[in-house]
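Presented below is the structure to which this report refers.
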There are 2 protein chains.
Amino acid sequence: MPTPERTSLDGIVSAGRALLESDGLDRLTMQAVAARVGVRAPSLYKRVRNRDELIGLIAHATLRELATRLEGAVNEAADDPRTELRQLAGVARDFAHERPAGFRLIFGAEVRLDEASLAASSAPVLRVAAALAGERDALHAARTFTAWLNGFVSMELAGAFRLGGDVEHAFEYGVARIADAVASPAGG
Amino acid sequence: MPTPERTSLDGIVSAGRALLESDGLDRLTMQAVAARVGVRAPSLYKRVRNRDELIGLIAHATLRELATRLEGAVNEAADDPRTELRQLAGVARDFAHERPAGFRLIFGAEVRLDEASLAASSAPVLRVAAALAGERDALHAARTFTAWLNGFVSMELAGAFRLGGDVEHAFEYGVARIADAVASPAGG
DNA sequence: ATGCTACATAGCTATCATGGCTACGGTCAA
DNA sequence: TTGACCGTAGCCATGATAGCTATGTAGCAT
């Protein structure tokens with residue numbers, strides 16, 4: 001091997017994720033990432049095709065982490081589907097508060113996520129939805145829940161809840177009502 | 001009055017909105033807007049502080065148009081709150097399909113919308129929510145509905161519904177379930 | 001009333017700074 | 001010697017500013 005490497009793809013993506021949260025997407029410049037990694041900007045292009053690809057990798061890594069946490073949430077919860085749904089919602093919301101920029105990146109439209117990661121992150125939701133609404137309506141129920149959750153958190157992050165009222169309470173209200181709405185007598 | 005004006009703030013914002021939809025936010029450059037208006041880029045700075053302010057004005061104008069359409073939807077519908085809710089959802093979704101980039105701009109986090117426009121666009125939803133859920137839960141109900149709607153449409157625009165199933169049907173299912181979930185025996 | 005001057009403002013050219021990206025050469029371990 | 005790694009130099013696009021030119025109106029002098 002010639003001259004030892006001073007960085008790695010993982011290091012670059014990690015630096016990018018940190019920078020995304022601390023400075024925002026538009027400050028996520030190749031120079032800033034390179035500086036954080038201890039290298040000059042052009043050197044990044046040995047590992048990453050361009051800025052868009054780097055952003056895609058960051059989104060991908062973030063989505064995988066979310067998927068892992070969602071799996072964990074379902075495993076921790078009791079077997080009651082309503083409780084599991086609440087857990088899923090809470091974990092996703094906590095994640096969004098912890099990494100708001102990353103969350104926006106995932107659910108925004110600027111990045112096209114690959115099918116596999118999408119399926120992986122949907123799996124736990126689909127399972128709970130099936131338990132709650134029955135197999136037949138599982139996909140619709142999962143979509144209704146995911147849409148609500150995503151919308152709620154997006155609006156919260158965007159500061160769109162400025163008409164008063166308690167946001168925590170609105171969240172609890174929302175989960176409970178969605179669970180009720182989606183539950184079938186047969187399922188949950 | 002000195003040299004006749006070749007443009008106006010309205011003209012600039014309109015050109016910006018058109019460009020946003022046809023070319024996307026990142027192609028919305030000051031030069032592109034100026035060219036469309038028939039002027040050079042620096043001249044725009046006589047009317048607009050900078051690109052961010054222009055984007056804010058575009059978001060604002062788009063939100064006002066959405067608010068107007070939502071009002072219209074409620075007026076057209078019968079007096080049944082469920083029907084009104086369905087109308088609101090449909091109008092918003094149609095709007096999002098017609099102006100996807102504008103819709104993302106509104107519900108994304110890159111622009112801070114002013115309180116007044118926010119309230120104006122929320123008003124019809126709040127009214128229907130009150131009719132459906134009762135005054136006490138109106139705000140919570142409106143937030144649950146808005147969150148679901150926003151999330152559903154955002155995901156649709158982002159192409160996140162790739163796990164099969166009929167999206168139209170999922171939408172109908174969603175509105176119906178949200179209406180059920182939010183309706184109180186007293187209210188709707 | 002007519003003609004000239006002063007001024008206010010729209011828009012332009014020129015220019016700078018920043019950031020993405022490429023080409024190419026130096027350096028260092030094997 | 002060789003080959004991968006990384007840096008310097010540099011190109012291009014874009015946001016933004018400075019200062020100039022052009023234009024037309026208001027107002028004054030005749």
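Since we're looking at a predicted model, the values are computed, not measured. Here is the naming used below: chain letters follow the sequence lines, and residue numbers restart at 1 for every chain.
- In this structure, the side chain to side chain donor-acceptor pair (under 3.5 Å) partners of A/R127, at least two apart in sequence or on a different chain, are A/E71.
- Between A/H140 and B/H169, the two ring planes are perpendicular [angle over 60°; tilted spans 30° to 60°].
- Annotation: salt bridge (Lys or Arg N to Asp or Glu O under 4.0 Å) contacts of A/R162 (sequence neighbours excluded): B/E115.
- Taking side-chain N and O atoms only, B/S43 has a distance below 4.0 Å to OP1 or OP2 of C/dC12.
- For A/A67, the side chain to side chain contact (heavy atoms under 4.5 Å, CB included) partners at least two apart in sequence or on another chain are A/S121.
- Between its two ends, the helix from C/dA1-D/dT30 to C/dA30-D/dT1 turns its axis by 20°, counting five pairs per end and rounding to 10 degrees.
- Among the heavy atoms of the strands lying under 4.0 Å from A/T7 are primed sugar atoms or P, OP1, OP2 only; no base atom is included.
- Side-chain atoms of A/R47 lie closest to D/dC5 of the nucleotides D/dT8, D/dC5, C/dC12.
- For B/F103 and B/F95, the gap between ring centers reaches or exceeds 6.0 Å.
- D/dG24 atom P lies 12 Å from atom CD of B/E5, rounded to whole Å.
- At the phosphate of C/dT13, OP1 or OP2 sits under 4.0 Å from a side-chain N or O atom of B/R40.
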Polar atom pairs (N or O), protein with nucleotides 19-23 of chain C, under 3.5 Å:
unit_1, atom_1, unit_2, atom_2, d
C/dG20, OP1, A/M30, N, 3.2
C/dG20, OP1, A/R51, NE, 3.4
C/dG20, OP2, A/M30, N, 3.0
C/dC21, OP2, A/Y45, OH, 3.0
C/dC21, OP2, A/R51, N, 2.8

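- Taking 4.5 Å as the limit, every side-chain heavy atom of B/L20 sits out of range of all side-chain heavy atoms of B/I55.
- In this structure the side chain of B/E53 never reaches within 4.5 angstrom of the side chain of B/R47, judged on heavy atoms.
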May I have the list of side-chain donor-acceptor pairs in residues 29-42 of chain A shorter than 3.5 Å, sequence neighbours left out?
unit_1, atom_1, unit_2, atom_2, d
A/T29, OG1, A/A32, N, 3.0

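- Here the side chain of B/K46 is nearest to one of D/dC6, D/dG7, C/dA10, namely C/dA10.
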